[in-house]
Amino acid sequence: CARLPALCLILLSIPGLVRGEVLPLYNPGFESGTSGWAVSTSATVAQSLAEYASMGYRGLKIKDAGGADTYTVTSVSCPASPGSTYALTLWGRSLGNFPSGIRAEVLFTDASGNPLPPGAVSGYASSYEISAIKWFEKRVLKGVAPAGTVHVRARFTSLACYGLGAGVDD
């Protein structure tokens with residue numbers, strides 16, 4: 001939301017959207033590279049490339065480092081309201097013939113930036129390991145912002161168990 005802070009604030013202030021309805025989790029996308037995304041390692045593990053676009057011009061290639069090294073690729077923070085439901089829609093596929101070793105999730109944080117466990121939404125998960133082989137699979141992740149939530153963001157985490165990676169598009 002670095003480029004969209006006004007839009008985030010407008011959406012959160014529209015009556016009827018804050019309670020009871022699902023709010024989209026905005027992210028900077030990948031059309032302009034990885035600008036607006038934070039990578040927790042200095043290694044080149046995330047690249048914006050045309051061949052990883054399910055829709056649009058570019059998608060994100062996340063290469064799992066494997067072994068004991070883990071890292072995260074996180075979108076910028078958007079303001080969030082406790083009790084509101086947020087959804088992240090993405091398309092993902094593994095880079096190999098096994099699950100990717102990359103988990104996608106809706107991440108809620110408090111004022112200090114500490115992660116908070118999301119509330120459940122019937123019929124939806126708030127995280128999943130990208131596992132589709134060859135073809136992109138559409139997933140909608142949803143979570144309810146718990147008490148103390150100040151921000152929401154999308155996060156991809158390496159699970160350090162397969163060493164493969166994933167292609168992701170929003």
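This is a predicted model, so every value here is computed, not measured. Values reported hereafter were calculated over all heavy atoms of this structure, with side chains retained and with hydrogens, waters and symmetry mates removed.
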The test is side-chain contact (heavy atoms from CB on, under 4.5 Å); show your working for Thr34 and Val39 and say whether it passes. CA-CA 9 Å; Thr34 56; Val39 181; 5.7 Å; no

Determine whether a donor-acceptor pair (N or O, by modelled atom type, separation under 3.5 Å) exists between the side chain of Ser94 and the backbone of Gly96. yes

First locate atom CD of Gln47, then atom OH of Tyr52, and finally report the distance between them rounded to the nearest 0.5 Å. 8.5 Å

Check: Ser40 side chain, Thr72 main-chain N or O, donor-acceptor pair, under 3.5 Å: yes

Answer yes or no: is there a donor N or O on one side and an acceptor on the other, between the side chain of Tyr86 and the main chain of Ser81, under 3.5 Å? yes

Would you call Arg155 and Glu105 a salt bridge, taking side-chain N to carboxylate O under 4.0 Å as the test? yes

Provide the closest heavy-atom pair for Leu107 versus Pro115 in the form atom of the first, atom of the second, distance. CD1-CB, 3.9 Å

For residues Val106 and Val73: do they belong to one hydrophobic cluster (side chain heavy atoms under 4.5 Å, members Ile, Leu, Val, Met, Phe, Trp, Tyr)? yes

From CA spacing to verdict: side-chain contact (heavy atoms from CB on, under 4.5 Å), Thr109, Val150: CA-CA 6 Å; Thr109 56; Val150 176; 5.8 Å; no

Are Val121 and Val144 close enough that some pair of their side-chain heavy atoms sits under 4.5 Å apart? yes

Does any part of the side chain of Leu95, heavy atoms only, come nearer than 4.5 Å to the side chain of Lys61, both counted from C-beta? yes

State plainly whether one hydrophobic cluster holds both Ile133 and Trp135, where clusters connect Ile, Leu, Val, Met, Phe, Trp and Tyr through side-chain heavy atoms under 4.5 angstrom apart. no

Over 12 non-hydrogen atoms of neighbours within 6.0 angstrom of CG in Asn114: yes

Ser75 side chain vs Ala154 backbone, donor-acceptor pair below 3.5 Å: yes

Of the non-hydrogen atoms in Gly92 and Ala132, which two are nearest, and what is the gap between them? O-CB, 3.7 Å

Indicate the atoms forming the closest heavy-atom contact of Pro117 with Pro146, along with that distance. O-CG, 3.2 Å

If you measure from OG1 on Thr157 to CD1 on Ile102, what distance do you get to the nearest 0.5 Å? 8.0 Å

Are Arg139 and Tyr128 in a cation-pi contact, defined as NZ or CZ under 6.0 Å from the six-membered ring centre and within 45° of the axis? yes

Do the side chains of Thr85 and Glu21 get nearer than 4.5 Å, heavy atoms only? no

Give a yes or no on whether the backbone of Ala53 and the side-chain of Asp169 come within a donor-acceptor separation of less than 3.5 Å. no

Looking only at atom types and distance, does a side-chain atom of Glu31 sit under 3.5 Å from a main-chain N or O of Arg58, one as donor and one as acceptor? yes

For the residue pair Ser126 and Leu141, establish whether any side-chain heavy-atom pair is separated by less than 4.5 Å. no

Check whether any side-chain heavy atom of Ile130 lies under 4.5 Å from a side-chain heavy atom of Val168, and answer yes or no. yes

How far apart are the closest heavy atoms of Lys138 and Trp91, and which atoms are they? CB-NE1, 3.4 Å

Straight-line distance of Lys142 NZ to Thr89 OG1, nearest 0.5 Å: 8.0 Å

For Thr149 versus Ala80, what's the shortest heavy-atom pair and its separation? CG2-CB, 3.6 Å

Phe108 and Gly143: which non-hydrogen atoms are nearest, and at how many Å? CZ-O, 3.4 Å

Using 30° and 60° as the class boundaries, would you call the ring planes of Phe156 and Trp37 parallel, tilted or perpendicular? tilted

Can you tell me if Ser35 uses its side chain to pair, donor with acceptor, with the backbone of Ser32 under 3.5 Å? no

